[in-house]
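Whatever order the structure lists them in is the order used to number ligands and atoms, beginning at 1. Source: prediction; values computed, not measured.
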Amino acid sequence: MTAERIDGKAFAALLRERVGALAGQFEQKAGRKAGLAVVLVGEDPASQVYVRSKHKATVAAGMESFEHRLPVDTSEADLLALVEQLNADDAVDGILVQLPLPDHLDEQSVIASISPDKDVDGFHVTNAGRLAVGQNGFVPCTPLGCMMLLTDRLGDLSGLEAVVIGRSNIVGKPMAQLLLDANATVTIAHSRTKDLPSVVKRADIVVAAVGRAEMVKAEWLKEGATVIDVGINRLPPAEGEEKGRLVGDVDYAGAEGIAAAITPVPGGVGPMTIAVLLRNTLVAAHRNAGLEVPQSL
Ligand code: NAD
């Protein structure tokens, strides 16, 4: 068997196109563009790249992008004051504070200061709680993107065995919650799980969100499983390479011979994250403007 490659890049491009069209309709109805504010504290190079691509994607989707770049020594009081100002600004539908923050700033307090109705990253405890009890809130972008890829491929997930490897608040836990809501039978595996290979073996759906290069071996997988690889790991550079290759948490080459479908790294889950951020922002905009959220979002 050669697994089908789940093309997250193409899927994300279609989602962005759909969001762009609906953002145009929102502007006509609301008399303003949907707006996303992104706050970056400091000059972490990876964060700068993420913030730049979020800005470009927001503008390309026909939405307003408000960028706030603050110096690395910004006080918590100043950062909280900015978030307060954005909470009160009617032109801002979504607020994202780029993580990680410099060490002197408490991430939990900063996330807690964002209005839950503008928390398009879905990290606020109110949104985690809403997800847990099945209320409409905001779901973190990466697991929601994984879910879109899974339902696109598999349709109804009822009764399927799903194993999520990793239990972070950003990926593993919300992923498990979404799968549970879709009536899958869900196991969350983590660093203390005993005999991970046999846990993975029973899964029709495997979502790997660990951050360890090619940890999940082909022989752990059940024949015909659908594999979503969230991990992004850079291998040490091979001879003659300037930078090492990017790989996921799953041994892709091996898994291709056993799984029915698998997301590649790069080009799988990664591109979905920003596309879903745009989607969440447009959902926030409709809710904030008192408009019905379009079904196709
Ligand atoms: P994290 O470090 O917060 O969590 C990792 C989880 O893996 C932990 O819950 C831990 O219990 C588990 N774990 C660690 N070692 C393990 C082992 N040996 N066996 C089983 N479980 C083990 O990471 P995260 O933020 O959830 O991210 C996970 C990976 O996903 C990272 O590679 C990250 O770069 C990537 N990621 C990608 C995107 C994207 O857009 N594609 C977004 C977020 C995270």
Side-chain angles (χ1 to χ4, degrees), residues 5-13 15-16 38 44-47 49-54 57 96-101 107-108 111 120-123 128 131 138-150 162-179 186-203 206-217 220-221 227-236 243-252 262-280:
R5 180 175 170 277
I6 301 175
D7 190 344
K9 199 172 164 191
F11 193 100
L15 176 58
R16 282 163 62 157
V38 177
D44 177 66
S47 293
V49 173
Y50 294 142
V51 166
R52 206 171 311 129
S53 32
K54 284 168 188 170
L96 180 156
V97 177
Q98 184 65 45
L99 302 179
L101 288 171
E107 284 185 359
Q108 285 312 317
I111 292 169
V120 285
D121 253 343
F123 293 166
L131 177 61
F138 291 106
V139 177
C141 302
T142 301
L144 185 52
C146 294
M147 199 62 190
M148 289 176 179
L149 295 177
L150 278 170
V163 172
V164 178
I165 318 174
R167 57 174 162 186
S168 71
N169 290 338
I170 293 172
V171 188
K173 281 187 210 160
M175 187 71 234
Q177 198 73 58
L178 288 168
L179 288 161
V186 185
T187 303
I188 306 180
H190 47 78
S191 51
R192 306 281 178 92
T193 296
K194 289 193 179 129
D195 195 8
L196 185 57
S198 69
V199 173
V200 172
K201 197 71 183 182
R202 62 172 185 253
V206 179
V207 180
V210 181
R212 286 178 173 235
E214 301 176 326
M215 182 190 88
V216 177
K217 305 299 174 208
W220 299 9
L221 299 171
V227 181
I228 304 290
D229 192 350
V230 184
I232 302 175
N233 312 286
R234 196 171 283 285
L235 293 177
K243 272 200 223 168
R245 262 186 325 122
L246 279 185
V247 295
D249 289 345
V250 180
D251 165 23
Y252 185 91
I262 180 166
T263 56
V265 177
V269 174
M272 290 299 292
T273 301
I274 290 189
V276 175
L277 173 68
L278 302 175
R279 178 255 173 216
N280 280 358

Side chain, backbone, both or neither: which part of V230 comes within less than 4.0 Å of ligand 1 when only heavy atoms are counted?
-> both
Answer side chain, backbone, both or neither: which part of R212 comes under 4.0 Å from ligand 1, heavy atoms only.
-> side chain
Selected option - heavy-atom contact closest to [atom], from [options]:
atom	options	value
atom 23 (O) of ligand 1	V171, V210, V247, V276	V210
atom 6 (C) of ligand 1	G145, G8, G166	G166
atom 3 (O) of ligand 1	S168, G172, S191	S168
atom 28 (C) of ligand 1	P271, C146, P266, A209	A209

If you compare all heavy atoms of [X] against all heavy atoms of [Y], which two are closest, and at what distance to 0.1 Å?
X	Y	value
V120	F138	CA-CG, 4.3 Å
P271	G8	CB-O, 4.2 Å
A213	L235	CB-CD2, 3.8 Å

Could you tell me whether a side-chain N or O of D251 sits under 3.5 Å from a main-chain N or O of E214, the two making a donor and an acceptor?
->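 It does not hold such a pair.
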Counting distance only, does the side-chain N/O of Q98 pair as donor-acceptor with the main-chain N or O of V38 below 3.5 Å?
-> no
Consider ligand 1: state whether an atom of it lies below 4.0 angstrom from any non-hydrogen atom of [X].
X	result
V269	yes
A189	no
I165	yes

Starting at [atom1] of [X], measure out to [atom2] of [Y] and round the result to the nearest 0.5 Å.
X	Y	atom1	atom2	value
L15	R279	CG	CZ	8.5 Å
N233	M215	CG	CE	10.0 Å
T273	I232	OG1	CD1	7.0 Å
K9	T263	NZ	OG1	14.5 Å

May I ask you to check if ligand 1 and I232 share an N or O to N or O distance below 3.5 Å?
-> yes
Before signing off on this row, confirm whether D249 and ligand 1 have an N or O atom pair separated by under 3.5 Å.
-> no
With heavy atoms of T273 as the reference, note each atom of ligand 1 found under 4.0 Å away.
-> 39 (C), 40 (O)
Tell me: protein heavy atom nearest [atom], and distance?
atom	answer
atom 42 (C) of ligand 1	T142 OG1, 3.2 Å
atom 21 (N) of ligand 1	H190 C, 3.2 Å
atom 9 (O) of ligand 1	R167 N, 2.8 Å
atom 29 (C) of ligand 1	G211 N, 3.8 Å

Applying the side-chain contact (heavy atoms from CB on, under 4.5 Å) test to V216, which of V210, V227, I165 qualifies?
->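 In the set V210, V227, I165, the residue that makes a side-chain contact (heavy atoms from CB on, under 4.5 Å) with V216 is I165.
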